[in-house]
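Along the sequence shown, the residues carry numbers beginning at 1. Note that the structure is a prediction, hence the values are computed from the model and not measured.
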Amino acid sequence: GERAYGGGGFKRREPTERLIESGRILGFQLPYSADEIDTATNELLRRQGFSDAYVRPIAWRGSEMMGVAAQKNRINVAIAIWQWPSYFDPEQRMKGIRLDLAEYRRPDPMTAPSKSKAAGLYMICTLSKHAAESKGYADALMLDYRGQVAEATGANIFFVKDGEVHTPLADCFLNGLTRQTVIKMMKEKGITVHERHIMPEELSNFEGCFLTGTAAEVTPVGAIDDLKFTVGNITRWMMEDYDKVVGKPEPGA
């Protein structure tokens with residue numbers, strides 16, 4: 001997944017390379033190069049004329065063989081784009097969204113290819129987000145197989161305390177491209193970032209919280225279950241700076 005702002009993509013090559021690498025991890029090779037996929041994406045955006053869009057290239061095995069073994073199946077590739085100004089409700093997002101606690105956990109890397117952006121790994125995310133929304137929450141916080149804090153259903157998570165930032169070590173879930181970008185931005189701003197294992201009982205010690213992701217961008221979190229967080233300076237800085245980095249138009253522009 002990637003975002004397009006003003007008709008142009010942000011870090012287009014990295015998502016494409018991740019797509020190709022995910023295919024390799026899952027045991028198949030895409031029939032197109034990164035250049036060909038990027039060219040097709042640019043042409044699709046040009047033809048549709050979308051200014052603020054979400055881009056989703058996807059690759060999958062065909063149906064020539066129906067069974068657990070499908071090594072001779074054709075590898076198909078498609079690219080979908082649609083207008084998507086905000087992943088979360090804009091008014092709710094500015095106040096800080098509310099997260100539920102998910103029932104399902106991110107799996108042990110020895111039981112699933114957690115480094116791939118594979119559709120099958122999102123099944124428990126979909127179930128968890130649906131359950132959260134049915135209770136009035138915007139999303140859910142997922143723990144990992146060890147019971148440590150992992151991520152939201154489709155975004156990485158950060159916590160703020162005493163002017164420093166803490167984020168779970170991405171050892172059993174995707175090290176998101178937006179996550180990497182925001183960490184780099186914070187370090188350049190002189191903000192100390194701790195990538196480490198975080199236990200649920202630590203959450204009450206944090207002052208602020210925000211999510212990062214291609215769809216979520218930088219989104220403040222106002223509450224996780226009954227724990228409250230403040231949308232402080234670091235969170236606001238990251239929202240503003242990220243919008244500038246990706247070239248996101250000013251509201252109303």
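The only option from Leu177, Thr178, Thr167 that meets the side-chain contact (heavy atoms from CB on, under 4.5 Å) definition with Thr212 turns out to be Thr178.
With hydrogens and angles disregarded, a donor-acceptor distance shorter than 3.5 Å links the side chain of Gln83 to the backbone of Asp52. Judged purely by atom type and a 3.5 angstrom limit, Glu207 uses its side chain to pair as donor or acceptor with the backbone of Asp162. When atom types are taken as modelled, the side chain of Arg61 and the backbone of Ala70 share a donor-acceptor pair closer than 3.5 angstrom.
At most 12 non-hydrogen atoms from other residues, nucleotides or ligands lie less than 6.0 angstrom from OH of Tyr104. Heavy atoms of other residues, nucleotides or ligands lying less than 6.0 angstrom from NZ of Lys189 number more than 12. The local environment of OH in Tyr32 is sparse, with at most 12 non-hydrogen atoms from other residues, nucleotides or ligands closer than 6.0 Å. The number of heavy atoms from other shown groups lying within 6.0 Å of CD (Glu188) is above 12.
A salt bridge does not link Asp241 with Arg236: none of the charged nitrogens is closer than 4.0 Å to a carboxylate oxygen. A salt bridge does not link Lys244 to Glu240: none of the charged side-chain nitrogens sits closer than 4.0 Å to a carboxylate oxygen. Under 4.0 Å is where a charged nitrogen must lie from a carboxylate oxygen, and between Lys135 and Asp100 at least one such pair does. Salt bridge Glu64/Arg74: absent, no basic N to carboxylate O contact under 4.0 Å. Ion pair Glu202/Arg196 flagged as a salt bridge, since at least one NZ, NE, NH1 or NH2 atom sits closer than 4.0 Å to an Asp/Glu carboxylate oxygen. Using a 4.0 Å cut-off between a side-chain N of Lys or Arg and a carboxylate O of Asp or Glu, Arg18 and Glu21 do not qualify as a salt bridge. Looking at Arg13 and Asp35, a side-chain N of the basic residue comes within less than 4.0 Å of a carboxylate O on the acidic one, giving a salt bridge.
At least one side-chain heavy atom of Phe159 sits under 4.5 Å from a side-chain heavy atom of Leu203. Ile124 places a side-chain heavy atom less than 4.5 Å from the side chain of Met142. Between Leu169 and Asp171, some side-chain heavy-atom pair lies under the 4.5 Å cut-off. Ile58 places a side-chain heavy atom less than 4.5 Å from the side chain of Trp60. Within the 4.5 Å cutoff, no side-chain heavy atoms of Thr235 are placed close to those of Phe229. The shortest distance between side-chain heavy atoms of Leu121 and Ser116 falls below 4.5 Å. The shortest distance between side-chain heavy atoms of Ile198 and Phe206 falls below 4.5 Å.
In this pair, Phe158 and Phe210 present their aromatic rings parallel. The plane angle is below 30°, not in the 30 to 60° band. Classified by interplanar angle (parallel below 30°, tilted 30° to 60°, perpendicular above 60°), the ring pair His194/His166 is parallel.
Distance check, rounded to the nearest 0.5 Å: CG of Leu211 to CZ of Arg179 gives 13.0 Å. For the atom pair CG (Asp225) and CG (Leu101), the distance works out to 4.5 Å, reported to the nearest 0.5 Å. Here the CG-CG distance, from Leu143 to Leu141, works out to 6.0 Å after rounding to the nearest 0.5 Å. Rounded to the nearest 0.5 angstrom, Leu99 CG and Cys209 SG are separated by 6.5 Å.
Minimum heavy-atom separation, Val231 to Pro220: CG2-CB, 3.8 Å.
Donor-acceptor pairing under 3.5 Å is lacking for the side chains of Lys129 and Tyr137.
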Between Asp139 and Arg98, is a salt bridge (Lys or Arg N to Asp or Glu O under 4.0 Å) present by the stated rule, with each step listed? CA-CA 7 Å; Asp139 206 339; Arg98 296 171 61 241; over 6 Å; no
